[in-house]
Amino acid sequence: MRRTFEEHHQRPVVSLDGLWTLHPQDGTAKAYSAMVPGVWERIPALSRFRGVADYSRTVFLPCPGHYLLRLGAASHSAKVYWDETLVGQHYNAYTDFDILLTNATAGAHSLRVQVDNSFSDASTLHIPNDYFTYGGFTRSIELHRVSKVYIERMSFHSVKRGKGDYSAVVSVFLHALEATDDILLTVQTADGCADVKVDHLDADQRHTAEVTFPVHGVKEWDIFQPNLYDLTARLFLHGACVDDLVDHVGFRTVEIEGERICLNGRPVQIKGFNRHEDHGLFGCALPQEAMMDDLQRILDTGANSIRTCHYPNDPKFLDLCDELGLLVWEEHHARAIPMEIMRKPLFAQQASACNEEMITQHMNHPCIYIWGVLNECESETEEGRAIYAAQLAQLRQLDPTRPVSYASCRFFTDICMDLVDVVSWNIYPRWYHDESIRSYSDRLIAWMEAHGASGKPILITEVGAGGIAGYHDPFARAKWSEERQCDILEEQLTTLLTNPRLSGVYIWQFADVRVAEEWALNRPKAQNNKGVVDLFRQPKMSYLLVKRLYSATGQD
Ligand code: ADA
């Protein structure tokens, strides 16, 4: 399943997850049985394969009609062939895409998804980086049978009117595949509902139905208080229900009040982790059990937030954060992209597509409190500023209800802080340089205040140190030892968590992750070793240190 709950009760949906045939274009005629979702690197013979591979299977359609393939992304590019006709393609491993199959015939059909994880000029977001771009069909795929008018998606946000009283603001996006009359749409959540009648839609016409209605006495979604409500849209043709869509939503407010980030009117202190989608057993295709295992540990440390470094996360993971009451900083896919790539027209196209897909697909999740872009890109030049301004404007246009930010490392040179609602910095005192965290953070914050951060919340979106799991050096406490990682994290966290000018910190990072081969020389084991657990989730000494420090401060 794509989500942790059923999105459709009326619409027939079947999962296409399971064993597919995999043909890597590796010069052999070999084929493999491969799990979808999954990464091919978990097949021993393909553990180092970077290139193009074809996933294929037969799909049986029980009756003729209109069908929708809902693909939960592939890493990192996909071309989809239906009966050997190209019917769709997608770039970027971290957002979903739909493919319509109209007037399909009943019976057996061939489905082939050609996946490519190679680095080339055709890929501006997936580049050799300090995380691993796996190859595979990495998120779930479903086959939907849709009526001649169907619900493509719906967006939701809420506006507070009083204690427990909100307005639900819902847009339902319809797509008519044939000319249709007498359409009725109902929308319901909590104790509120609304109806919309549409007299006629032409074939291939899209229509957005917008409704706002009051709800009363709702319990607000909050940190560790995940009050969720079903939002249900149902579509009727000539009085008969032909389609539906269910989502989980929460009623809450996120506001910036001076130097504070406020949730439901209360300032919050972020105690978070950066978390990559990467696991020693699953690559980036973590099953929900492994996601939940991570979240149990994250909750155990007393953390209250996760930053989805550096890309949109699996909707299933966001559902779990909704259901556990964890705040999420979600960001589009970009990590330290060089300017020579950012100035390419293809970068603007691929980045803005990722922004649009991230927000339209994830905006209903109450756990997401902020959107981020362009982690550690060129925010110290006018050329870079123009790109930041364009991307931040796009985020605000797509979702005016949440604050926006970016995580910077352009120390004492950044010129974009005036563009954001929350100022965010990645700093590594005592690891990448040896100035004390107190001295360095005081100096940097003073500089920020004079260069665009004044009057705004400040987050430290990355802080941490390396620690190779199992490497102990209790006397010299050399760098890369677990002991030194604890020493540095203790100084960083005790200083930053008690600085009243800061709205919180995200530790870099929850778990060790694989890195690209090109990064291996300065990453022991070809991993980024700054996790508090290793690639297989074995806790390091720093796990208990973080638990002590995060648990010692207030709930949020
Ligand atoms: C940067 C970057 C992270 C990671 C980190 C590190 O802040 O945003 O992705 O590379 O440095 O480990 O050095």
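For reference, positions follow the sequence shown, starting with 1.
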* To do: Please test S75 against T138 for side-chain hydrogen bond (donor to acceptor under 3.5 Å, both in side chains), starting from the C-alpha separation and ending with a verdict.
  => CA-CA 6 Å; S75 184; T138 52; 5.3 Å; no

* **Trace of the side-chain contact (heavy atoms from CB on, under 4.5 Å) decision for L374 with I337** => CA-CA 8 Å; L374 299 173; I337 307 287; 5.7 Å; no

* Name of the residue among Y311, F119, Y94 meeting ring-ring contact (aromatic ring centres under 6.0 Å, His included) with H126 -> Y94

* Report yes or no: is the cationic atom of R50 (NZ for Lys, CZ for Arg) under 6.0 Å from the centre of the six-membered ring of F132, at an angle within 45° of the ring normal? =>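 Checked: cation-pi criterion met.
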
Polar side-chain atom of [X] near backbone of [Y] as donor-acceptor pair, under 3.5 Å:
X    : Y    : result
Q485 : A465 : yes
K479 : G466 : no
W40  : F49  : yes
S408 : E376 : no
S503 : L459 : no
E462 : N274 : no
N117 : S77  : no
S305 : L327 : yes
R42  : G280 : yes
E330 : N313 : yes

Quick one: does [X]'s side chain get under 4.5 Å of [Y]'s, heavy atoms only?
X    : Y    : result
P315 : H362 : yes
V505 : Y550 : yes
L549 : Q492 : no
P226 : W221 : yes
V113 : W20  : yes
M417 : K456 : no
F224 : L299 : yes
V532 : T301 : no

Rounded to the nearest 0.5 Å, what separation is found between the [atom1] atom of [X] and the [atom2] atom of [Y]?
X    : Y    : atom1 : atom2 : answer
I437 : W431 : CD1   : CH2   : 15.0 Å
I507 : R275 : CD1   : CZ    : 15.0 Å
H248 : H365 : NE2   : NE2   : 10.5 Å
C354 : L125 : SG    : CG    : 6.5 Å
N304 : K271 : CG    : NZ    : 5.5 Å
D54  : L22  : CG    : CG    : 8.0 Å

Classify the angle between the aromatic ring planes of [X] and [Y] as parallel (below 30°), tilted (30 to 60°) or perpendicular (above 60°).
X    : Y    : value
H310 : Y131 : tilted
F510 : F273 : perpendicular
W447 : H451 : parallel

* Test applied, side-chain hydrogen bond (donor to acceptor under 3.5 Å, both in side chains); reference residue, H333; option that passes from N355, T95, N92, N375 ->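 So the option named by the test is N92.
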
* Over 12 non-hydrogen atoms of neighbours within 6.0 angstrom of CD in E518 -> yes

* Do other residues, nucleotides or ligands put more than 12 heavy atoms under 6.0 Å from the CG atom of D434? -> yes

* Asked: Which residue, R153, R3, K316, R2, forms the salt bridge (charged side-chain N to carboxylate O under 4.0 Å, His left out) with D96?
  ->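 That would be R2.
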
Quick check: closest heavy atoms across [X] and [Y], and the distance to 0.1 Å?
X    : Y    : result
R252 : L263 : CD-CD1, 3.6 Å
Y55  : A34  : CE2-CB, 3.9 Å
E449 : S454 : OE1-CA, 3.1 Å
R410 : S379 : CG-OG, 3.4 Å
L392 : S405 : CD2-O, 3.9 Å
D399 : W371 : OD2-NE1, 2.8 Å

* Does anything in residues 336-351 pair up under side-chain hydrogen bond (donor to acceptor under 3.5 Å, both in side chains), and if so which pairs, sequence neighbours excluded? ->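 Sorted result for residues 336-351: T124-Q350, R343-E383.
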
* Asked: How far apart are the C-alpha atoms of H76 and Y91, what are their side-chain angles, what is the distance that settles it, and do they pass the side-chain contact (heavy atoms from CB on, under 4.5 Å) test?
  -> CA-CA 6 Å; H76 61 59; Y91 171 77; 3.7 Å; yes

Can you see whether [X] engages [Y] through a side-chain donor-acceptor pair at a distance of less than 3.5 angstrom?
X    : Y    : value
T413 : E380 : no
T4   : Q288 : no
W508 : N426 : no

* Please walk me through it: do Q527 and D534 pass side-chain contact (heavy atoms from CB on, under 4.5 Å)? -> CA-CA 10 Å; Q527 293 180 19; D534 71 11; 5.8 Å; no

* side-chain hydrogen bond (donor to acceptor under 3.5 Å, both in side chains) between D414 and Y388, intermediate numbers included -> CA-CA 11 Å; D414 193 296; Y388 272 87; over 6 Å; no

Between [X] and [Y], is there a side-chain N and carboxylate O pair less than 4.0 Å apart?
X    : Y    : value
R537 : D294 : yes
R443 : E435 : yes
D418 : R385 : yes

* To do: Identify, with sequence neighbours excluded, every residue that meets salt bridge (charged side-chain N to carboxylate O under 4.0 Å, His left out) alongside R297.
  =>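 Listed in chain order: D293.
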
* Please walk me through it: do K547 and D300 pass salt bridge (charged side-chain N to carboxylate O under 4.0 Å, His left out)? -> CA-CA 7 Å; K547 179 172 180 176; D300 178 58; 2.9 Å; yes

* To do: Run the numbers on M363 and H157 for side-chain contact (heavy atoms from CB on, under 4.5 Å), then give the verdict.
  => CA-CA 8 Å; M363 65 188 294; H157 73 271; 5.7 Å; no

